[in-house]
Amino acid sequence: MLVAFSVSPVGTGEAVGAAVAEAVRVVRESGLPNRTDAMFTTIEGEWDEVMAVVKAATDVVAATAPRVSLVLKADIRPGFTDMLTAKIASVERHLEV
């Protein structure tokens, strides 16, 4: 499965970069395939392992804020792997036409 999520502290002011960076650090240290862009971090893996990383990333942000915002989108497709790169490759192939 792929899970794209965004987690940020609420109630700590406008600057959220440090807290978000700690969440991304949790994701990167998980060893699961991942990609971070301006809006989301996407993780690929099995349900339990991906959700455990999302929880850990949320917990690290929650340690710095009285409230946390979490947005999550999942693509659950059993039997498929490496979709983090395959989906982008498919779009790029279509753009070449």
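Positions are given from 1 along the sequence. Remember, it's a predicted structure, so these values are computed and weren't measured experimentally.
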Query - Nearest atoms (heavy-atom pairs only) where F40 meets S6 - result: CD2-N, 3.7 Å
Report task. For residues N34 and L32, report the shortest heavy-atom separation together with the two atoms involved. Result -> ND2-O, 2.9 Å
Report summary line: dist E49:CD -> M51:CE (nearest 0.5 Å) comes out at 11.5 Å
**Report entry** Short side-chain to backbone donor-acceptor contact, E22 and V60, under 3.5 Å
**Finding:** no
Query raised in the report: Are F5 and M39 connected in a single hydrophobic cluster, I mean Ile/Leu/Val/Met/Phe/Trp/Tyr linked by side-chain heavy atoms less than 4.5 Å apart?
Result: no
Query - Gap between atom CD of E46 and atom CE of M1 - 0.5 Å precision - result: 9.0 Å
Query raised in the report: At what distance, to the nearest 0.5 angstrom, does CE of M83 lie from OG1 of T42?
Result: 12.5 Å
Report summary line: What one should report as the nearest heavy-atom pair of V7 and V20 is O-CG2, 3.6 Å
Query raised in the report: Quick check: does any side chain N or O of T58 sit under 3.5 Å from a backbone N or O of V54, one acting as donor and the other as acceptor?
Result: yes
Query raised in the report: How long is the span from the CZ atom in R28 to the OG1 atom in T36, to the nearest 0.5 Å?
Result: 5.0 Å
Query raised in the report: Run the salt bridge (charged side-chain N to carboxylate O under 4.0 Å, His left out) check on R93 and E96 step by step: do they pass?
Result: CA-CA 5 Å; R93 279 194 305 276; E96 291 174 0; over 6 Å; no
**Report entry** Taking every non-hydrogen atom, the tightest pair across A56 and V26
**Finding:** CB-CG1, 3.7 Å
Requested in this report: Identify whether L2 and V50 are in the same connected component of the hydrophobic contact network (ILVMFWY, side-chain heavy atoms under 4.5 Å).
Outcome: no
Please report, to 0.1 Å, the donor-acceptor pairs under 3.5 Å made by any side chain of residues 63-75, with sequence neighbours excluded.
unit_1: T64; atom_1: OG1; unit_2: V61; atom_2: O; d: 2.8
unit_1: D75; atom_1: OD2; unit_2: K87; atom_2: NZ; d: 2.5

